Participant: 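Structure provided below as structure tokens; questions to follow.
Fair warning: this is a prediction, and the values are worked out from it, not measured in the lab.
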Amino acid sequence: MRKKEQEHLIQTVYPGSIAEELEIEPGDVLLKINGQKIEDVFDYRYLMKDEYVEVLIRKPSGEEWLLEIDKEYDDELGVEFENGLMSEYRSCSNKCMFCFIDQMPPGMRETLYFKDDDSRLSFLQGNYITMTNMKQADIDRIIHMQLAPINISVQTTNPELRCKMLHNRFAGEKLKFLQDLYEAHIEMNGQIVLCKGVNDKDELKRSIEDLSSYLPFMRSVSVVPAGLTKYREGLYPLELFSKEEAGEVIDIIESYQPKFYEEYGLHFIQASDEWYILAERDFPEEERYDGYIQLENGVGMMRLLKTEFHDALEALKQNDNYETWKNETCRTLTIATGKLAYSTLAGFAEEIMKAFPYIKINVFAIRNDFFGETVTVSGLITGQDLKAQLLEKKASGTDLGDTLLITCNMLRSGEQVFLDDMTVQELEDALDMTLVAVENQGQELIEAMLNHHYTMQRDNDTDSFVYVKGYDF
């Protein structure tokens with residue numbers, strides 16, 4: 001039976017793009033580029049890099065157009081496809097002892113239980129992959145197309161231990177792909193999810209030393225603690241790290257950094273923010289984060305936020321209008337966050353209230369009853385926990401003000417919905433407050449604290465949410 005050719009439905013055409021100029025429209029289908037079938041987004045990106053390309057499009061009428069395009073090397077066609085990967089997603093073949101999805105409560109929407117382990121998402125979205133479902137041909141393709149950076153969940157360089165941790169008998173042998181990527185000068189970032197009594201202490205030292213042999217093409221390796229929820233029945237018996245143990249992890253990591261920096265100009269091995277908060281230590285100075293390579297992985301996020309906040313507040317105080325703003329800005333509001341960021345945000349609130357004496361800011365650490373109290377990050381706080389605990393504060397007589405500030409990572413990307421499917425509107429109605437989701441940036445946080453008119457609205461042109469400010473401080 002003849003295999004059906006892959007076709008890729010165009011969902012969006014960007015205004016002012018090459019595609020719009022050529023009268024490509026949503027509903028058209030991409031068939032080929034330069035006479036070649038497109039397997040997935042890797043092929044598409046690679047073939048579109050040429051300065052001259054021929055694109056074969058089929059219109060809804062069935063008519064086929066062969067379009068000749070002369071363009072700059074990096075110019076994009078300017079379209080989005082119905083399927084972002086332009087092929088099926090690759091699911092994870094592991095059963096990692098620390099997997100967060102295995103610790104999810106039952107009854108949530110189906111997409112939350114899907115485990116991806118797709119190298120294309122590593123390149124496109126920064127996801128971390130284990131490489132266990134990859135073959136040599138997949139690695140050769142990455143090398144041929146020079147796709148980088150590739151983010152890799154290593155966990156340990158001990159092959160036998162890696163098989164145990166990932167519950168995959170091929171996990172150890174797949175470490176050989178690191179050497180292939182290194183020899184091809186493919187930029188990589190690594191991650192170690194640290195599990196107490198498993199891959200810590202001497203095993204962590206071994207992993208750091210082994211991975212450093214891939215410098216400078218492996219640019220960074222982050223060490224993050226395994227996240228544990230209350231839904232671990234039947235799973236490997238992992239335990240939380242103590243304050244003292246978190247300090248030991250930091251000491252191991254920081255003991256290697258001077259040597260790597262002296263030789264490569266990179267500190268290379270980094271501890272995520274959770275370790276410093278748990279150990280009750282201050283975050284490293286900004287220079288130690290090597291330009292925040294792993295910011296989205298929680299490495300240096302709090303240091304950057306502190307730097308941005310203090311720089312923005314100092315600039316505000318130096319502004320000629322500061323005295324006017326100081327005396328005219330009067331409001332009460334509430335910030336809700338996770339236990340992990342509470343002390344930092346509470347400190348920010350104190351500084352703002354000192355600089356603007358007519359502002360009252362409540363900061364509350366929301367206990368994670370949904371996943372369990374051991375989960376302390378703000379991004380996993382649900383609408384129902386916010387609702388229940390803030391209503392308790394109201395009932396006890398606390399004036400929450402008219403505005404609730406949360407970090408935008410509590411909401412599903414691009415949407416006004418929490419992880420438990422409660423909507424922003426539902427929470428606003430329950431609390432009788434305006435909810436504002438703030439980017440994790442110092443300037444944005446100050447704007448939201450001070451400005452009554454700082455809100456988030458949908459931009460119909462981009463179908464995303466943007467900030468609308470009454471006036472800038």
Side-chain angles (χ1 to χ4, degrees), residues 89-104 113-122 127-143 150-184 186 188-215 217-218 220-229 231-241 245 249 252-253 256 268-269 272 294 297:
Y89 285 77
R90 294 179 184 173
S91 62
C92 182
S93 56
N94 310 312
K95 192 169 178 59
C96 299
M97 62 172 60
F98 52 82
C99 179
F100 196 85
I101 293 176
D102 288 340
Q103 304 176 69
M104 296 277 275
Y113 300 102
F114 178 76
K115 302 179 185 180
D116 73 70
D117 193 16
D118 200 311
S119 59
R120 295 163 299 184
L121 290 175
S122 178
N127 293 20
Y128 280 76
I129 59 171
T130 65
M131 306 186 297
T132 55
N133 61 6
M134 298 178 71
K135 299 178 181 178
Q136 187 65 51
D138 298 314
I139 296 296
D140 292 343
R141 191 169 177 234
I142 288 172
I143 293 171
I150 297 297
N151 298 326
I152 301 164
S153 284
V154 181
Q155 318 321 356
T156 176
T157 55
N158 179 332
E160 294 77 18
L161 181 58
R162 193 168 195 254
C163 290
K164 175 184 176 180
M165 291 188 69
L166 275 59
H167 200 67
N168 186 318
R169 62 192 178 97
F170 301 109
E173 68 182 59
K174 298 295 182 176
L175 289 169
K176 66 183 180 182
F177 292 151
L178 294 174
Q179 184 67 29
D180 295 336
L181 295 170
Y182 167 76
E183 291 176 358
I186 298 295
M188 298 174 277
N189 295 300
Q191 181 193 62
I192 295 173
V193 178
L194 209 64
C195 298
K196 182 176 174 178
V198 180
N199 61 335
D200 55 349
K201 300 184 184 297
D202 287 343
E203 288 292 348
L204 175 59
K205 293 177 183 178
R206 169 180 173 163
S207 294
I208 294 171
E209 291 165 8
D210 288 347
L211 292 173
S212 69
S213 67
Y214 302 121
L215 274 160
F217 303 112
M218 181 167 277
S220 67
V221 175
S222 61
V223 180
V224 302
L228 307 181
T229 79
Y231 299 97
R232 288 197 57 83
E233 185 176 352
L235 301 179
Y236 189 91
L238 293 177
E239 298 179 1
L240 294 171
F241 286 88
E245 289 164 341
V249 171
I252 289 174
I253 288 170
Y256 284 95
F268 182 62
I269 186 72
S272 65
Q294 295 217 22
N297 212 17

Participant: When you check the gap from the basic side-chain N to the acidic O, do K176 and D180 get nearer than 4.0 Å?
Facilitator: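 Judged by the 4.0 Å cut-off on N to carboxylate O distance, K176 and D180 do not form a salt bridge.
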Participant: Would you tell me whether S222 and Q191 have side-chain atoms, one donor and one acceptor, within less than 3.5 Å of each other?
Facilitator: no
Participant: Just so I know, are the side chains of Y128 and N297 near enough to count as touching, which here means a heavy-atom distance under 4.5 Å?
Facilitator: yes
Participant: Under the criterion side chain to side chain donor-acceptor pair (under 3.5 Å), I'd like the reasoning laid out for E183 against Y214: C-alpha separation, chi angles, the key distance, then a yes or no.
Facilitator: CA-CA 9 Å; E183 291 176 358; Y214 302 121; over 6 Å; no
Participant: Does the side chain to side chain donor-acceptor pair (under 3.5 Å) test come out yes or no for R232 and Q103, once each step is laid out?
Facilitator: CA-CA 6 Å; R232 288 197 57 83; Q103 304 176 69; 3.2 Å; yes
Participant: Any chance you could measure Q155, atom CD, to C195, atom SG, to the nearest 0.5 Å?
Facilitator: 7.5 Å
Participant: Which is it for V154 and V221 under the side chain to side chain contact (heavy atoms under 4.5 Å, CB included) test, yes or no, and what are the steps along the way?
Facilitator: CA-CA 9 Å; V154 181; V221 175; over 6 Å; no
Participant: Decide yes or no for D138 and I142: does some side-chain heavy atom of the first lie under 4.5 Å from some side-chain heavy atom of the second?
Facilitator: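 No - every pair of side-chain heavy atoms lies 4.5 Å or more apart.
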Participant: Rounded to the nearest 0.5 Å, how far does CD1 of I150 lie from CD1 of I129?
Facilitator: 5.5 Å
Participant: Minimum heavy-atom separation for G172 to C163, with atom names?
Facilitator: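 Looks like N-SG, 3.4 Å.
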Participant: Locate the shortest heavy-atom distance separating L240 from E245; write the atom from each residue and the value.
Facilitator: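 Looks like O-OE1, 4.1 Å.
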Participant: Would you check if T157 and L178 make a side-chain contact, meaning some heavy-atom pair closer than 4.5 Å?
Facilitator: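 T157 vs L178: side chains apart.
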Participant: Could you check E203 against N158 for side chain to side chain donor-acceptor pair (under 3.5 Å), going step by step and ending with a plain yes or no?
Facilitator: CA-CA 8 Å; E203 288 292 348; N158 179 332; 3.2 Å; yes
Participant: Let's go through I152 and M131 carefully: what are the C-alpha distance in whole Å and the side-chain angles of both, what is the deciding distance for side chain to side chain contact (heavy atoms under 4.5 Å, CB included) to 0.1 Å, and is it a yes or a no?
Facilitator: CA-CA 7 Å; I152 301 164; M131 306 186 297; 3.9 Å; yes
Participant: Contact between I252 and I208 at the side-chain level, heavy atoms closer than 4.5 Å - yes or no?
Facilitator: yes
Participant: Heavy-atom distance under 4.5 Å between the side chains of T132 and F170, does that happen here?
Facilitator: no
Participant: For S220 and M218, what are the C-alpha separation, side-chain angles and deciding distance, and is it a side chain to side chain contact (heavy atoms under 4.5 Å, CB included)?
Facilitator: CA-CA 6 Å; S220 67; M218 181 167 277; over 6 Å; no
Participant: How far does OG1 of T130 sit from CZ of F177, to the nearest 0.5 angstrom?
Facilitator: 11.0 Å
Participant: Might you point out which heavy atoms bring C96 and D102 nearest each other, and give the distance in Å?
Facilitator: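 That would be O-OD2, 4.2 Å.
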Participant: State the NZ-CD distance between K196 and E239, to the nearest 0.5 angstrom.
Facilitator: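 Here the interatomic distance stands at 5.0 Å.
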Participant: Given salt bridge (Lys or Arg N to Asp or Glu O under 4.0 Å), test D210 with R206 step by step and report yes or no.
Facilitator: CA-CA 6 Å; D210 288 347; R206 169 180 173 163; 3.6 Å; yes
Participant: How many angstroms lie between atom CG of N168 and atom CG of N94, to the nearest 0.5 angstrom?
Facilitator: 4.5 Å
Participant: So which heavy atom on Y182 is nearest to which on L215, and how close?
Facilitator: CE1-O, 3.6 Å
Participant: Please tell me if the side chains of S212 and F268 come closer than 4.5 Å, counting only heavy atoms from C-beta onward.
Facilitator: yes
Participant: Of the non-hydrogen atoms in A226 and F98, which two are nearest, and what is the gap between them?
Facilitator: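 The pair with the smallest heavy-atom distance is CB-CB, 3.9 Å.
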Participant: Would you mind telling me which of I192, V198, N199 makes a side-chain contact (heavy atoms from CB on, under 4.5 Å) with L204?
Facilitator: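 Among the candidates, only I192 passes.
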Participant: Starting at NZ of K174, measure out to CZ of R162 and round the result to the nearest 0.5 Å.
Facilitator: 10.0 Å
Participant: Are L166 and K95 close enough, and set up right, to give a side chain to side chain contact (heavy atoms under 4.5 Å, CB included), and what steps lead you there?
Facilitator: CA-CA 6 Å; L166 275 59; K95 192 169 178 59; over 6 Å; no
Participant: Within a strict 4.5 Å, meaning less than it, do heavy atoms of the H167 and Y236 side chains meet?
Facilitator: no
Participant: Tell me, do F241 and L194 make a side-chain contact under 4.5 Å, heavy atoms counted?
Facilitator: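 They are in contact (side-chain heavy atoms under 4.5 Å apart), so the answer is yes.
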